[in-house]
Amino acid sequence: MVTALLAAALAGCGIRSTEVPTDFGPAPSRVPCVMSGSGIASQSGGGAPVQVFLVCAAQLVTVDRTVRVPGGKAADDRVRIAQALLDELAAPPSEPEKDAGFATDVRGGTRVFGPGEGDPEDALRFSTPPEELSAFALAQIVCTLGGSAAAAEDRTVIMGGPADASLRRYTCTPEVRSRPGTVAPPARTVKRGK
């Protein structure tokens, strides 16, 4: 009798296995990707409030920061804003950000320049060509700049490497934000003038 009951209990819960593949998305993460109110603080202290995209649980999540943009000619605003945001992305996450699971794949040392001869006026030239960046770093930069005053009017970002390297117009999409390691920002080549 006991053997029969034990055999019935071990037989399972009555749900039959299926050969049909199922996809319920990635397993839930234990990383919160949210900072407590006391943990939300300026990375650089003082300055203008901005949002940057950091990596958390293999997706892009916005983090509030403040940046100081040095003064200069109004024509240089887009370049100075882009450089300040790039520097902010390259800065190591604060302790509260690390505790919440945030990281960055953007490395320091990249410089941003304005358009070269024949480039559209809203083009940004980088000392490190965008195609040499990791998938996560490119997504972080495109999504952060796309939500800032450094973006073109349509919220895209025109970027290229130094000198005469080709330019591309990048777009930050929901798919890029949710899967930056596998979904590249959509990009199309930008024609340059003479």
Side-chain angles (χ1 to χ4, degrees), residues 24-72 76-113 124-152 155-157 159 161-162 170-187:
F24 297 105
S29 171
R30 293 179 186 238
V31 178
C33 298
V34 175
M35 294 188 301
S36 65
S38 60
I40 299 173
S42 157
Q43 184 85 339
S44 37
V50 295
Q51 286 191 323
V52 298
F53 281 87
L54 297 183
V55 180
C56 189
Q59 58 188 340
L60 297 186
V61 181
T62 55
V63 173
D64 294 320
R65 296 265 184 92
T66 57
V67 297
R68 292 177 189 251
V69 179
D76 296 332
D77 282 351
R78 179 176 277 120
V79 175
R80 289 184 289 112
I81 291 167
Q83 185 67 62
L85 290 170
L86 187 66
D87 292 343
E88 200 63 33
L89 284 171
S94 65
E95 284 305 316
E97 289 168 350
K98 284 182 192 172
D99 292 344
F102 290 98
T104 185
D105 214 39
V106 178
R107 304 292 168 246
T110 299
R111 305 304 306 158
V112 182
F113 305 96
L124 297 169
R125 293 268 179 196
F126 288 71
S127 59
T128 301
E131 56 272 14
E132 292 182 13
L133 298 169
S134 72
F136 282 102
L138 180 61
Q140 282 183 261
I141 292 169
V142 168
C143 289
T144 298
L145 295 184
S148 76
R155 310 316 283 160
T156 61
V157 185
M159 301 189 321
Y170 293 90
T171 305
C172 178
T173 64
E175 293 76 23
V176 171
R177 291 191 294 272
S178 64
R179 296 191 309 269
T182 56
V183 177

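The residues of the chain are indexed from 1 along the displayed sequence. If you're wondering where the values come from, they're calculated on a predicted model, not measured in any experiment.
- You'll find the side chain of I81 reaches within 4.5 Å of the side chain of L85, heavy atoms only.
- Shown here are the side-chain contact (heavy atoms from CB on, under 4.5 Å) partners of A187, two or more places apart in sequence or in another chain: R168, Y170.
- With sequence neighbours left out, the side-chain contact (heavy atoms from CB on, under 4.5 Å) criterion links A84 to V67, V69.
- Separating the CZ atom in F136 from the CD1 atom in I141 is a distance of 14.0 Å, to the nearest 0.5 Å.
- V176 and P185 get closest at one heavy-atom pair: CG2-CA, 3.6 Å.
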Notebook entry, point to check: Does the side chain to side chain contact (heavy atoms under 4.5 Å, CB included) test come out yes or no for S94 and F102, once each step is laid out?
Noted result: CA-CA 9 Å; S94 65; F102 290 98; over 6 Å; no

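- Considering only residues two or more places apart in sequence or on other chains, D105 meets the salt bridge (charged side-chain N to carboxylate O under 4.0 Å, His left out) condition with R107.
- Listed for the R125 side chain is a donor-acceptor partner under 3.5 Å among the backbone atoms of G161.
- When every heavy atom of A150 is checked against every heavy atom of L124, the shortest pair comes out as O-CD1, 4.1 Å.
- Under the 3.5 Å distance criterion, the side-chain polar atoms of S178 are matched with a main-chain donor or acceptor of E175.
- For the residue pair T66 and E88, the shortest heavy atom distance occurs at O-OE1, 3.8 Å.
- R155 is linked by a side-chain hydrogen bond (donor to acceptor under 3.5 Å, both in side chains) to nothing, counting only residues two or more places apart in sequence or in another chain.
- In this structure a side-chain-to-backbone donor-acceptor pair under 3.5 Å is missing from Q51 to S148.
- The side-chain hydrogen bond (donor to acceptor under 3.5 Å, both in side chains) search around E131 returns none, not counting sequence neighbours.
- Applying the side-chain hydrogen bond (donor to acceptor under 3.5 Å, both in side chains) rule to T171 yields no partners; only residues at least two apart in sequence or on another chain are considered.
- Scanning all heavy atoms of the two residues, the minimum distance from G181 to A135 falls at O-CB, 4.0 Å.
- Applying the side-chain hydrogen bond (donor to acceptor under 3.5 Å, both in side chains) rule to T104 yields the partners Q140; only residues at least two apart in sequence or on another chain are considered.
- Once rounded to the nearest 0.5 Å, the distance linking CG of L133 with CZ of F126 reads 8.0 Å.
- Between the side chain of T156 and the backbone N or O of A152, no donor-acceptor pair lies under 3.5 Å.
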For residues 52-59, tabulate all N or O donor-acceptor pairs below 3.5 Å that involve a side-chain atom, not counting sequence neighbours.
none

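- Taking all atoms of both residues into account, the shortest heavy-atom contact from A82 to V112 is CB-CG1, 4.0 Å.
- The side-chain contact (heavy atoms from CB on, under 4.5 Å) search around C172 returns V142, C143, R177, not counting sequence neighbours.
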Checklist line | Test side chain to side chain contact (heavy atoms under 4.5 Å, CB included) applied to M159 and L145, step by step | finding: CA-CA 10 Å; M159 301 189 321; L145 295 184; 4.3 Å; yes

